[in-house]
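Every chain is numbered from 1, with letters handed out A, B, ... down the list of sequences. Both backbone and side-chain heavy atoms feed into the values below; hydrogens, waters and symmetry mates do not.
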Amino acid sequence: MSITYLEAIRLAQQRALAEDPRVFIYGQDIGAFGGAFKATKNLAKEFPGRVLDAPISEDAIVGLAIGAAVEGMRPIVEMQFADFSTCGLNQIVNQAATLYYRTGTPCPLVVRLPSGGTPGGGPFHSQSMESLYAHYPGLVVMTPATVEDVYTMLLEAVALDDPVIFCEHKFLYYHLKAEKLPEEALPFGKARITRPGRDATVVAYSAMVHEALAAAEELSQDGYDIEVVDLRTVKPIDTDTILASVARTGRLLVVSEDWPWGGVAAEVIARVAAEGFGLLDAPPQRLNARETPVPYHPALWGTHRPTASSVANSLRQLLEL
Amino acid sequence: MSITYLEAIRLAQQRALAEDPRVFIYGQDIGAFGGAFKATKNLAKEFPGRVLDAPISEDAIVGLAIGAAVEGMRPIVEMQFADFSTCGLNQIVNQAATLYYRTGTPCPLVVRLPSGGTPGGGPFHSQSMESLYAHYPGLVVMTPATVEDVYTMLLEAVALDDPVIFCEHKFLYYHLKAEKLPEEALPFGKARITRPGRDATVVAYSAMVHEALAAAEELSQDGYDIEVVDLRTVKPIDTDTILASVARTGRLLVVSEDWPWGGVAAEVIARVAAEGFGLLDAPPQRLNARETPVPYHPALWGTHRPTASSVANSLRQLLEL
Amino acid sequence: MTKGSSPVQTISSQALGNGRNGTGRVTKEIARRAFRTMLEARILEEKLAALYRSGKIVGGVFLGRGQEALSVALGVHLRRGDIYAPLIRDQAGRLAFGDTILDTLRTYLGSSLGSMRGRDGNIHRGRPSEGYHAMISHLGAMVSTVCGGLVAKRFRGETGAVGATCIGDGGTSTGSFHEGMNMAAVEKLPMVVVVANNQFSYSTPNDRQFACGDLLTRAAGYGITGRRAIGNDLIDCLEVIGEAVAAARAGEGPQLVVADLLRLVGHSEQDDASYIPAALKESPLGRDCLDIAEDQLLENEWVTDTELSSWRAAVKAEVEETVGKVLREPAPDPAEEDWNAFSVVGRNLSGEDEE
Amino acid sequence: MTKGSSPVQTISSQALGNGRNGTGRVTKEIARRAFRTMLEARILEEKLAALYRSGKIVGGVFLGRGQEALSVALGVHLRRGDIYAPLIRDQAGRLAFGDTILDTLRTYLGSSLGSMRGRDGNIHRGRPSEGYHAMISHLGAMVSTVCGGLVAKRFRGETGAVGATCIGDGGTSTGSFHEGMNMAAVEKLPMVVVVANNQFSYSTPNDRQFACGDLLTRAAGYGITGRRAIGNDLIDCLEVIGEAVAAARAGEGPQLVVADLLRLVGHSEQDDASYIPAALKESPLGRDCLDIAEDQLLENEWVTDTELSSWRAAVKAEVEETVGKVLREPAPDPAEEDWNAFSVVGRNLSGEDEE
Ligand SMILES: Cc1ncc(C[n+]2csc(CCOP(=O)(O)OP(=O)(O)O)c2C)c(N)n1
Ligand SMILES: Cc1ncc(C[n+]2csc(CCOP(=O)(O)OP(=O)(O)O)c2C)c(N)n1
Ligand SMILES: [Mg+2]
Ligand SMILES: [Mg+2]
């Protein structure tokens, strides 16, 4: 039996519902239908009344979750696509994110965002929104890259007392598989050295971890030994682990599927430049999506986002600097 | 006669209305009332039917401006406060910003955001939203710091074929004055060396330019010669001017009233680290607002945002690195 | 009274057809408590305006003068265990729900001992964990938040609680308001939403805000019960809102109350409201609800002139005394401030630098 | 037909009281054009589904099967100079407005020669500068955009133009829809909004979407005229929408048309729509509008069987031929792609690196 990334999301929600009566799930088409991606398949049947279909009202969906969280519930909101969360953004950034600082009342909710590009997704079903939310104080932003992480981190998100933006990558839903789910997990906010190396560090997260790993593999054939760091959580960022890696390799490439301006890659580089300047043997570089909306045509899309081969190219350039 | 920053905004709009029949202004309370800050005072009378009161519907306000822009008009939208633009964000980032790339039809609109903190403004009337919008391809983001710039840049914004987010700083509205308005302006997207120096570069924009200048003045008493670069437009960023400055000084501090994570400061540092690594004699640093909502109490607010004295402190630390 | 020019004026809500049903009958005790709270709100707000003029309050001061009857009528019908998300002009409703003169002043004056500890101010106060939501400025946003509180209570099997919020004529144009109203109706929540139709949204008259003429026609579009109250008439507000709250509590689903009135001050204390036509101010809408209420109480012999004088004196004394106390309280200390927006638990886990 | 359970069923719009006024009378020529366009849409969409199944189209395919009568009825009543923002299930309306089989296929198949040049796909196409708006996915967003186009025309003194858009039952729950409708009413714009109430929003039945039972009750709440059409009845749709468009054109302000119907396919071609109860499919709502329309045209002797056969054959041939052509057209070349979201003017000014 093998478990997909998507099934791990479903199982984490099943477990959260089973173990904590305060948990409920709210979103469009998630009840009897099981969700646009089936991330809640059978859960409405298994937990009657706790997996609720919502109207097409992202603002009110988040507002409802906030009000319930204030009353002690632990809502999980499923956005049908990350892209539609802009319609609920005001409630997320101005109400959920500010509530604890303003009033001292915690706001434990999870907003699940089916994120990132897939072939043919186009401008409005492909977006990566982690940077937008991470910009705001008070929001935790998780970006799991593996089946194991998506499971344990979703449970961790539900357990946290702060609002969590949970960016699950649609491209990983079906492709990525694991044999079993872990009971143990890395501590909250900790990055993982997915592949150790000594010639350069690639910092990545979510789907880009796999492109980075493939690029590292490719470069190993040229004799280079690339370290790959998976951020796992982009807010907070585990700067210590990144700095320790750069201390070993002296070179840094940050890869993100999001746009460059003010994205995760910019933030990581700003931190390393400020706090680890002396560790760097070459200018830190970033590789992002192109500066346009995410194009529909798979050929354009494949060039718009970073891929194993563009990561490998960037790495080759970095190694020559 | 002296002209305030706010009056310059009004005069720029008056001129735009007078010179271009395609211009109209849309926003809450901007007609007979002249706007919450009086930035459109008398304009409704002077240009009947072209300065329209809008309902409290930020999403539809931007939507209407987009539809009009597509038909060849040049709408200026006034948000009552920048903070409320989150309610119109979806239209801005998903419709206005993508229109040209998707369809080849330009979308020339200006969204004026009364931005930034003032004493007692609190979490929802003080926000700086430039980074949020700059993240999206297709949006120009202007952040004028002077009376002259706010005038010429608003006219430039109206003339541009792309959607422009125009961040005007409320703290500068009344304090800042000029004797007369310029006919000439720096080219679009060009940063300005507001104060030349050789010991360190402070990159700032909007209200922070003035804090940086005061800090530079303070440090000049210790014999330091600080260069202050005013970005003027944060999207696009004039990386060339920044790099040229860092080439002279070897040290970089970026100051922004916005939160640090993924903000303008992070973006500038990421660029300089990648493209001007060799020019740096010390790690590039940033100084931002604290990582909480903007507090209401003036004493808290004064510590939340960077000030001349905290900029001076950061500079002293940078000069010792 | 309403200003729109649409030909469609049908009032299509059931409740109006049925008329009053008696559940909102006003007792002497309720009327006295409501009126006394209106007095508190009025006197307190006059002091807030003075403190603002003398520079003691920074930021903005937004008063509910002229809207106390409507506001208090909602507040007095709520009880512990209910959820209340007041808006800008709800000083009276807040006090009736359990907020205090002390905490109001602490919040406006930024005392570190107030519920908002100087982090937020003026009307943005509350104690969410006690059912008293702290509004964000973005209008319309609190409707769905109240829905969420009620859904939580339903999950826990708590029955008999009501959720309530208020909105202005202008706030009804927000997408948030629409989504929240629709959601409340779909979930059949025990919720009362009061529209204080004071004819203006800041300077914007209703004919630039909506075209339906009568906002009550929206009730049918959400499939909820609509009721009309006379916004500056305390007894009418108490009756109509009393019925609405009783209906919600009895499981009849969400209730919309629309009341016409005027605010008798500017939008904020910086605004002289010169855009409100004199004719409107002199119309029945412009009558001060406090005067009307006083007459009503005296007529019913629910209060005597002597009592009124002593109430006034007592409230004034309390307000003055509290101001004196709060002005001596410590302001928040930036050096001691916890510059972190994460909850304590989240933060401990995060390992993020705290500076 | 409507599924809500609210007791409030009042239809409070004026227009319904007045009944039909004759401005929407259906002529043979219009009916023939509408029907022929429905045929094109149906046959084209069947081909799209086949191309999707065979992997030639990536992403999603969203069909309007069962909704062609309603969709086309709006499209055929518009003319050059009007503004049209179609939604997901408006293939028929699009073709009637002037979109082509060729550009539809180019967009779905990602040809670099299509109007969207592979940058956007499927239903997200349009030519905004020609009044044919290109929808974004976020439901409700196009209502205010159409308002803006009409405001622009008013500024230019262009009269007689109409703006039109469509929305599903689900889309009415968005804040965007509400804000746009209210704005259209405040500005008294010549606008027609058609609600295709196909009883489901993806899998979500109307009773989880709204509680008013009848969406037409919302017209009064906006102060606009509401009309009802039988969504799978071509003649009725043509009449009602014809009247609505004529009224808007005549300066009577915005018009809301609500039509009940069913979509006879899944939400997308990945969905088998098993959540739609058999009873509903077998009810009058489930009748195929193409069958009904064919009967109507034959009964009126507006078309003969022979003509119908030759139309079918001609459309099939055109679709097949166009598919063949488009499949040979070049895909967009990433190396040639202009990776810049700024307009040419903006970019030249910016001096930003173009990589
Ligand atoms: C979404 C949003 N946009 C704009 C504002 C700015 N604003 C604050 S109060 C106000 C007017 C509110 O009018 P109304 O709802 O009628 O309430 P009233 O002030 O009359 O009590 C406006 C426009 C806001 N708070 N929220
Ligand atoms: C704001 C927003 N949220 C969610 C979605 C995802 N979505 C796409 S179509 C759809 C269902 C639409 O239902 P309806 O409006 O009834 O139109 P129909 O598909 O029935 O024609 C949903 C939820 C979206 N497009 N926009
Ligand atoms: Mg009002
Ligand atoms: Mg539908």
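- Atom CZ of D:F342 is separated from atom CG of B:L139 by 7.0 Å, given to the nearest 0.5 angstrom.
- At least one cation-pi condition fails for B:R50 and D:F155: the charged atom is not both under 6.0 angstrom from the six-membered ring centre and inside a 45 degree cone around its axis.
- For D:E337, the part sitting under 4.5 Å from any heavy atom of chain B is the side chain, from C-beta outward, and nothing else.
- Using a 4.5 Å heavy-atom cutoff, the side chains of D:R117 and B:R102 are not in contact.
- Neither the backbone nor the side chain of B:E156 comes within less than 4.5 Å of any heavy atom in chain D.
- Interface remark: of the candidates B:I61, B:I56, B:T105, B:T105 forms the most heavy-atom pairs closer than 4.5 Å to chain D.
- Residues B:M73 and D:V151 form no side-chain contact, since every pair of their non-hydrogen atoms from C-beta on lies 4.5 Å or further apart.
- B:P55 touches chain D through its side chain: at least one heavy atom from C-beta onward sits under 4.5 Å away, while N, CA, C and O do not.
- When heavy atoms are compared at a cutoff of 4.5 Å, D:H178 does not approach chain B at all.
- Between D:S144 atom OG and B:L64 atom CG the span is 7.0 Å, to the nearest 0.5 Å.
- Judged by distance alone, the side chain of B:E71 and the main-chain N or O of D:A152 form no donor-acceptor pair under 3.5 Å.
- Atom-to-atom distance recorded for B:L99:CG and D:S129:OG is 9.5 Å, nearest 0.5 angstrom.
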Could you walk me through whether B:T103 and D:R127 pass the side chain to side chain contact (heavy atoms under 4.5 Å, CB included) test, one step at a time? CA-CA 7 Å; B:T103 71; D:R127 299 182 185 270; over 6 Å; no

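- Counting only heavy atoms from C-beta outward, the side chains of D:H138 and B:Q91 never approach each other to under 4.5 Å.
- When heavy atoms are compared at a cutoff of 4.5 Å, D:R125 does not approach chain B at all.
- Atom OH in B:Y26 sits 5.0 Å away from atom CD in D:E187 (nearest 0.5 Å).
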